[in-house]
Amino acid sequence: MEYNHKEIENRWQQYWRENNTYRTEIDHSRPKFYVLDMFPYPSGAGLHVGHPLGYIASDIYTRYKRLQGFNVLHPMGYDAYGLPAEQYAIRTGQHPEVTTRNNIERYRSQLDKIGFSFDWSREIKTCDPEYYKWTQWAFIKMFDSYYDTAADAARPIADLVAHLQKHGTEGLHAAATRQLSITPEQWNAMDDKEKSDTLMNYRLAYLGNTMVNWCPALGTVLANDEVSEGLSIRGGHPVEQKLMYQWCLRVSAYAQRLLDGLEKVDWTDSLKETQRNWIGRSEGAEMRFPVADSDIELEIFTTRPDTIFGVTFMVLAPESKYVDMITTEEMRPAVDEYRQSIKHKTERERMIDRRVTGVFTGAYAINPITGKKIPVWVSDYVLAGYGTGAIMAVPAHDSRDYAFARTFDLPVIPLIQGADVSEQSFDAKEGTMINSASDSLNLNGLQVKEAMAAAKEFISRTGIGKVKVNFRLRDAIFSRQRYWGEPIPVAYRNGIPETLPVESLPLLLPEVDKYLPTESGEPPLGRAANWKTAAGLPLELNTMPGFAGSSAYYLRYMDPRNNSCLVSPEANSYWKQVDLYIGGSEHATGHLIYSRFWNKFLYDLGLVCEDEPFRRLINQGMIQGRSNFVYRIKDTNTFVSHGLKDQYDVTPIHVDVNMVTNDRLDIERFKAWSPEYATAEFILEDGQYICGYAVEKMSKSMYNVVNPDDIVERYGADTLRLYEMFLGPLEQSKPWDTNGIDGVNRFIKKLWNLFYRDGKLNVTDTEPTPENLKSLHKLIKKVTADIENFSFNTSVAAFMICVNELAQQRCTSRKVLADLLILLAPFAPHVAEELWHTAIGATTSICDASWPAFNEEYLRESTVRYAVSFNGKARFTMEAPADAPRDTVSDMALSHPDAAKWLENKTVKKIIVVPGKIVNIVLG
RNA sequence: GCCCGAAUGGUGGAAUGGUAGACACGAGGGACUUAAAAUCCCUUGGCCAUUACGGCUGUGUGGGUUCGAGUCCCACUUCGGGUACCA
């Protein structure tokens, strides 16, 4: 019997499929466990070897938990809406659905080859009407809800309407776009349009005029997390700011709960930190500064109310509504010109160009505490979208204000003792206050923290302002001017938006002749014929963004075919939440925020039983490419080997990693690669051409893409799985290097030879020896602990050691070998299943086996080795009885023959004995 | 700029404060073979020895705590990741 991976893997993959081995049902007799992968977007390029990394880890954990007796939910599906399929459709006219279907088929066949234990009966696709019905349904629920800030929960909008009818906005605690002040009489006198507009101020899904990231190249708006450094994440196109009337989700209402919820989940600190920064809670005060000779008051937000005595000017955002109100006649032309110049800059230009610019409005404000007159300026370093779009500038203690003050020659008043502000501002929140006293308030002599508290207390007591918490987290823009997304279930009656009846869902994505905007600039759905309700009302033309479909998919997996609700209470109360979620950290500020928001909303409605969707989360690292280079001597067709390249003037050229083995170039394949190289000549070292290498992103253009299918074909899925885990710690980014794969492949062959020695079955019913049991239980202990810690690389090493030991011991014991296979089954399921049946003689799948119990007894030693150190330096080792008391051990060390030379002419000051490990003799 | 993380042989990487470099790759040497592949054995951080499986040194840099530091503390350097005129 030889190890034949192709035959084995085909056989068992078929067996598992035919026997529905991985089908999962609710089973109250067993504890549940939910392991989830972030489902993939099926791109046209297919999977490369980096994609399955997280899936392999989650599969190992899933299989391990099943062997431990858990009923494990482990589903998979596709995040099927997305830009690439649509852009492909625009170029080729092929329907995105066709592209997507083909890509999904390719993904599925690639995934199947790796031997995952997904329950495919629960597969979902976000573009499937049966699925997106529930995405649309959730949107309608959000439209019909507002956020009650007193109850800290979403409530039906009908409750809000009732409140407005009776009390107006008096006593209303609701998250809102703007603070409104309405009497019941005013509300009741409103017409439908006015009422609709008013309610939009409160709805969780609302239409609003907001500054959006507009990407002209993609022809759509983008959410904040879809933009990085002024460029779109998809495609890298420039993004500009634009005021648009768009659908939004009031995620900001949940900011505090999203922050608090992080305390309850088991995620890495760095990921929690990323979310905390993104939510960006800052505590401070909102204050009003009266404008001189006017009734207008400027409202500002500051986190440093303690620095109120150092305010030497104020700054408004160019878009601030105050600018028009206070600018003096003589300054108006300059201010208008400045605002125009800002408007014409794209977001990216604004980022690159960090010059300090601004203009004086001509107006002065009054410092409410000192009564001093201070000039009001306009500058683009103040953002309209944060706080109130106006600031009090304290140049001595804020670096941005400092730069502005120096540019426009404004005064700088230091407020902290010893702070040198001649060269730069002193931003630290520490020190003793100076220059901070008026008739009503004296902060001098206080520490910064005390001063902050005192200032806040004073401000709220005197009514100058109030203590306020601000969040950086913005509402999510929910409209996309695209075709390939979920239609928003909204129709317009006389221009007033209303949601469709829930019973009419799903609202199907209509057919269009082209996937481009209409001539009049409307989104592609504007091309759909008859895009109206049955009653003839026009339907919404925007579609939902990419994150919509992925926000509640983990709930749908619990009950994927339910036609009457998103998830039944029975299914939800059994599966509860995701116990382990594995995926990339790139979703930290997108999907992982939106999902948590969406889940909390459903929780408020009493539709799900857990407040947080993902209990434990692991970020697998990215697998980078390892590119190979050849070195062409300039202006020739001669290539010089890596070790000799420095003697020539060379150009490095990427070469396909698939024709390089251990950095040695297959010269014949290289010549055949391109006609250009057919006549190439080579300068070799030691008869070989050695390539250089570099770690880069895995991509076609670098010729460093390694396809998992090729690895499976050549070495088998088990080798691929083990090798991906062996490569390094799961959470760390690391380059893929096929070179090391022979090591794990050899391990599988060694394992095989343990069961079939010289082609003959080598398993007997002999009793295990103490040595056998020691090797086995060392492994049980190590692998169990490693899986719990996601330290898969070290468990693979432990398998290698154990197999070597058992081979050396000539172990044939069926009991020991069977347990070895169970331990290995999560990692290399095919070979484990094969040997389980053919060599062990089992008649049921190894998936139905039980994880072996660890017994400390077998590891107990009668003697242990001590390292004997002198002054901390280890010098020799000695054996001692395992149960010897410390005094006996130190006496043994001192009388040991090797000790004599170290003890010569020295006095022993102290002896430290660490049982079973170290004897450290401290000499005088 | 701010926040987080990392730094260990030629390479990927192991090490509850207790003999640094597990495991693997690569490399060198050997066995088997007409030869190659495959397989197996030995060596492999550096330096000095090789009469000794002996010595010295060694985990980015400099300090500290400790009987003992890759591991803990302080300062710094470099590299990744996140975020950015967020007041």
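Taking the side chain of A:Y693 as heavy atoms from C-beta on, and the options B:U11, B:A87, B:G12, the nearest nucleotide is B:U11. Residue A:I391 has its side chain nearest to B:A87 when only B:A87, B:C85, B:C67 are considered. Distances were taken from every side-chain heavy atom of A:K749 (C-beta onward) to each of B:A14, B:U39, B:C85; the shortest belongs to B:U39. Comparing B:C23, B:G55, B:G82 by their nearest atom to the side chain of A:T274 picks out B:G82. Taking every side-chain heavy atom of A:W278 into account, B:U83 is the closest of B:U83, B:U19, B:A24.
OP1 and OP2 of B:C2 both lie 4.0 Å or more from every side-chain N or O belonging to A:N277. Within the structure, a side-chain polar atom (N or O) of A:K910 is placed less than 4.0 Å from OP1 or OP2 of B:C67. For A:R472, a side-chain nitrogen or oxygen approaches OP1 or OP2 of B:A84 to under 4.0 Å. Not one side-chain nitrogen or oxygen of A:Y381 sits closer than 4.0 Å to the OP1 or OP2 atom of B:A87. OP1 or OP2 of B:A27 sits under 4.0 Å from a side-chain N or O of A:R664. Under 4.0 angstrom from either OP1 or OP2 of B:A6 there lies no side-chain N or O belonging to A:Q732. For A:N662 and B:G26, the shortest distance from a side-chain N or O to OP1 or OP2 is below 4.0 Å. Between A:R276 and the phosphate of B:G82, there is no side-chain N or O to OP1/OP2 separation shorter than 4.0 Å.
The gap from the P atom of B:G5 to that of B:C41 amounts to 43 Å, rounded to the nearest Å. With P as the reference atom, B:C25 and B:C48 are 29 Å apart, rounded to whole Å. Comparing the P positions of B:U11 and B:G46 gives a spacing of 12 Å, expressed to the nearest Å. Going from the C1' atom of B:G10 to that of B:U33 covers 31 Å, rounded to whole Å. The C1' atoms of B:G58 and B:A69 are separated by 14 Å, rounded to the nearest whole Å. For the C1' atoms, the distance from B:G70 to B:U57 is 16 Å, rounded to whole Å. As rounded to the nearest Å, B:U19 and B:G68 have C1' atoms that lie 12 Å from one another. Taking atom C1' in both B:A14 and B:A24, one finds a spacing of 11 Å when rounded to whole Å.
In this structure, CD of A:E731 is placed 16 Å from P of B:G82, rounded to the nearest angstrom.
Remark: B:G1 base-pairs with B:U83; criterion is Watson-Crick or G-U wobble with both hydrogen-bond distances under 3.5 Å. Of all nucleotides present, none satisfies the Watson-Crick or G-U wobble test against B:A20 with each distance under 3.5 Å. Under the Watson-Crick and G-U wobble criteria, each requiring two contacts below 3.5 Å, nucleotide B:U59 is left unpaired.
The backbone N or O of A:I308 sits less than 3.5 Å from a side-chain atom of A:N367, completing a donor-acceptor pair. A donor-acceptor contact shorter than 3.5 Å links the side chain of A:T268 to the backbone of A:L271. With hydrogens and angles disregarded, a donor-acceptor distance shorter than 3.5 Å links the side chain of A:Q275 to the backbone of A:A588. The backbone N or O of A:K781 lies less than 3.5 Å from no partner atom in the side chain of A:T784, so there is not a single donor-acceptor pair.
Nucleic acid contact class of A:S270 (heavy atoms, under 4.0 Å, all strands): sugar-phosphate only. Heavy atoms of A:P735 sit nowhere under 4.0 angstrom from any nucleic acid atom.
The residue among A:R875 and A:Y723 whose nearest nucleotide of RNA chain B is located toward the 5' end is A:Y723. Remark on RNA chain B: of its neighbouring residues A:S869 and A:V922, the 5'-side contact belongs to A:S869, judged by nearest-heavy-atom nucleotide.
Looking at A:D398 and A:S425, their side chains never bring a donor and an acceptor atom within 3.5 Å of each other. A:N619 and A:S585 are not linked by any side-chain donor-acceptor pair at a separation below 3.5 angstrom, with hydrogens and angles left out of the test.
In this entry the base of B:G9 is syn relative to its sugar, with a glycosidic angle within 90° of 0.
For the pair A:R875 and A:F870, the NZ or CZ position fails the cation-pi test of under 6.0 Å to the six-membered ring centre and within 45 degrees of the ring normal.
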